[in-house]
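Sequence positions, counted from 1, serve as the residue numbers for this chain.
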Amino acid sequence: MVRKEGRRWGATVVARLRWGGQLRVARKDVARHRAQAEADADPRYRLALARSQCTLGELLAKVDRPAEGLPHVEEAVDLCRRLADTELARHRDVLAMCLGVLGDLLTVLVRPAAAQAAKDEATALEREPADIVAFYRELADADPDRRRPALAAALHYQAAWLKQHDRPDEALPPVEEAIALRRGLAQADPDPFRRIALARSLCFLGELLGQLDRPAEGLPLVAEAVELRRDLAAADADPRRGTALALVLRAHCRLLLQLDRPAEALPFAREAVRLWRRVAESEAHDRRYRAGLAVSLHTLGELLAKLDRPAEALPYAEEAVDLHRAGVVLLGRQWLVGALRTLGDVLAALDRAAEAQAARDEAAALEEEREADKP
């Protein structure tokens with residue numbers, strides 16, 4: 001008996017020596033990511049904190065300290081759940097990973113019911129969208145206060161999946177239900193995440209109705225999303241927060257164009273350009289913001305051309321082409337093709353036929369290359 005206990009004690013010491021260095025690194029990672037998350041609301045810092053908390057929890061379990069590791073993993077799950085409740089498509093994988101780790105820790109701590117619940121949710125998140133909705137609907141029926149956000153996120157995810165798979169008509173009911181849930185949640189809770197989620201679903205439904213040739217129905221939904229996003233952006237001094245508003249403004253412009261109301265779209269397009277330019281200048285190292293600026297410039301140039309104001313459209317169309325040309329790897333050649341075609345139309349309207357033809361020829365050549373690259 002003494003010999004067996006001695007062997008167990010010796011194994012524990014070896015394990016602690018083996019994992020001690022990794023534990024120190026993990027604790028430093030948690031501290032660093034927590035400081036970043038507290039200083040910056042960007043979701044990527046919350047995700048980094050969640051991952052580091054999960055790693056620390058797993059390491060503590062490996063040195064026979066699962067009870068100490070549990071709060072770290074629970075916090076990781078809470079962080080991921082809050083993000084997934086807003087945008088499940090982007091965050092479901094990391095939420096499922098954290099839930100799996102939580103289930104393992106709870107098993108070690110002999111809490112079988114809680115462990116099984118965490119594992120069941122992790123497994124459900126790996127299933128098809130309809131199955132995820134069914135899983136969260138059952139949970140929301142049993143505990144609506146805690147689980148309605150997850151059900152709303154699952155419904156939005158299902159709608160996005162259906163739209164992506166060319167089934168837009170089928171996507172309408174789930175996103176409409178998601179909006180009803182998210183509207184109630186936003187009214188009951190001042191948390192900005194609730195309004196962000198509602199704005200996302202409103203904009204999605206508005207764009208979906210536009211795709212279904214029902215832009216007049218979609219327009220007030222996107223207009224509501226614009227106002228929600230405008231309020232959120234005004235409450236945050238970080239210029240990066242304006243990019244979400246800029247994206248919704250572009251959706252608003254596209255619906256107004258679809259309704260042949262370009263003059264009404266013009267101020268929204270100008271606002272989107274201002275927002276993207278502001279963040280592109282403040283975050284010059286990040287090409288994503290220049291890509292967003294390129295798209296918004298193209299939209300503004302296109303609008304001015306439709307309003308027979310080609311001289312005003314030209315500098316925006318030219319800048320859009322330059323930015324798209326520089327970021328073609330990031331966005332894809334189709335965006336450059338569209339910008340070149342708009343530039344060609346603007347140049348033609350200004351009686352600069354040779355330059356217009358050069359832009360159109362380049363667009364045609366790029367389109368041929370894109371078609372040739374298709375499998």
Side-chain angles (χ1 to χ4, degrees), residues 43 46 77-96 99 117-118 120-165 167-212 214 217-232 235 244-245 247-248 251:
R46 289 189 176 91
V77 168
D78 288 343
L79 286 163
C80 293
R81 195 185 299 288
R82 196 173 181 215
L83 293 168
D85 285 351
T86 303
E87 195 173 3
L88 183 61
R90 180 175 295 182
H91 303 300
R92 72 184 184 117
D93 290 340
V94 67
L95 174 59
L99 284 163
D120 287 347
E121 187 174 359
T123 301
L125 286 166
E126 297 171 359
R127 295 177 186 154
E128 294 297 309
D131 296 325
I132 298 174
V133 169
F135 176 83
Y136 281 114
R137 193 181 297 284
E138 185 176 344
L139 292 182
D141 287 342
D143 189 356
D145 289 341
R146 287 184 61 244
R147 294 300 193 166
R148 275 182 303 170
L151 173 58
L155 287 161
H156 184 110
Y157 173 63
Q158 181 186 29
W161 185 90
L162 288 164
K163 180 185 177 185
Q164 185 181 353
H165 287 79
R167 296 157 64 181
D169 288 298
E170 295 175 60
L172 285 172
V175 74
E176 287 170 340
E177 185 180 356
I179 286 172
L181 286 167
R182 285 177 160 176
R183 194 182 297 284
L185 289 163
Q187 289 170 349
D189 186 348
D191 188 334
F193 275 83
R194 299 287 181 248
R195 286 177 289 155
I196 289 169
L198 175 58
R200 181 168 283 120
S201 290
L202 286 166
C203 189
F204 177 89
L205 179 54
E207 290 181 299
L208 183 64
L209 288 165
Q211 181 183 335
L212 292 168
R214 295 161 59 183
E217 295 173 64
L219 189 62
L221 298 166
V222 178
E224 184 181 355
V226 166
E227 292 311 308
L228 282 167
R229 281 292 189 181
R230 201 190 303 283
D231 289 345
L232 288 161
L245 170 59
L247 290 169
V248 182

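Remark: Leu151 CG to Arg146 CZ distance equals 14.0 Å, nearest 0.5 Å. In this structure, Arg214 CZ and Leu209 CG are separated by 5.0 Å, a value rounded to the nearest 0.5 Å. To the nearest 0.5 Å, atoms CG (Leu95) and CG (Leu83) are separated by 9.5 Å.
For Glu138, the salt bridge (Lys or Arg N to Asp or Glu O under 4.0 Å) test picks out no residue, with sequence neighbours left out. In terms of the side-chain hydrogen bond (donor to acceptor under 3.5 Å, both in side chains) criterion, Asp141 has no residue partners (sequence neighbours excluded). Under the side chain to side chain contact (heavy atoms under 4.5 Å, CB included) criterion, Arg90 pairs with Glu87, sequence neighbours left out. Applying the salt bridge (Lys or Arg N to Asp or Glu O under 4.0 Å) criterion to Arg92, with sequence neighbours excluded, gives no partner residue. With sequence neighbours left out, Arg81 forms a salt bridge (Lys or Arg N to Asp or Glu O under 4.0 Å) with Glu121. Under the rule for a side chain to side chain contact (heavy atoms under 4.5 Å, CB included), the partners of Asp145 that lie at least two apart in sequence or sit in another chain are Asp143, Arg148. Under the rule for a side chain to side chain contact (heavy atoms under 4.5 Å, CB included), Asp93 has no partner lying at least two apart in sequence or in another chain. By the side chain to side chain contact (heavy atoms under 4.5 Å, CB included) test, Ala225 is found to be paired with Ala199, Leu202, Cys203, Val248, residues two or more places apart in sequence or in another chain being considered. Partners of Asp120 by side-chain hydrogen bond (donor to acceptor under 3.5 Å, both in side chains), not counting sequence neighbours, listed by chain and number: Gln116.
The nearest pair of heavy atoms linking Asp85 to Pro149 is OD2-CB, 3.5 Å. Ala142 and Pro144 get closest at one heavy-atom pair: C-CD, 3.8 Å.
For residues 128-156, the ring pair (Phe, Tyr, Trp, His ring centres under 6.0 Å) pairs, not counting sequence neighbours, are His156-Phe204. Residue pairs satisfying the salt bridge (Lys or Arg N to Asp or Glu O under 4.0 Å) criterion with at least one member in residues 172-181, sequence neighbours excluded, are listed as follows: Arg137-Glu177. Applying the side-chain hydrogen bond (donor to acceptor under 3.5 Å, both in side chains) test to every pair with at least one member in residues 222-231, sequence neighbours left out, gives these pairs: Arg183-Glu224, Arg230-Glu271.
A side chain to side chain contact (heavy atoms under 4.5 Å, CB included) with Ile196 is found for one member of Asp191, Thr86, Leu228 and no other, namely Thr86.
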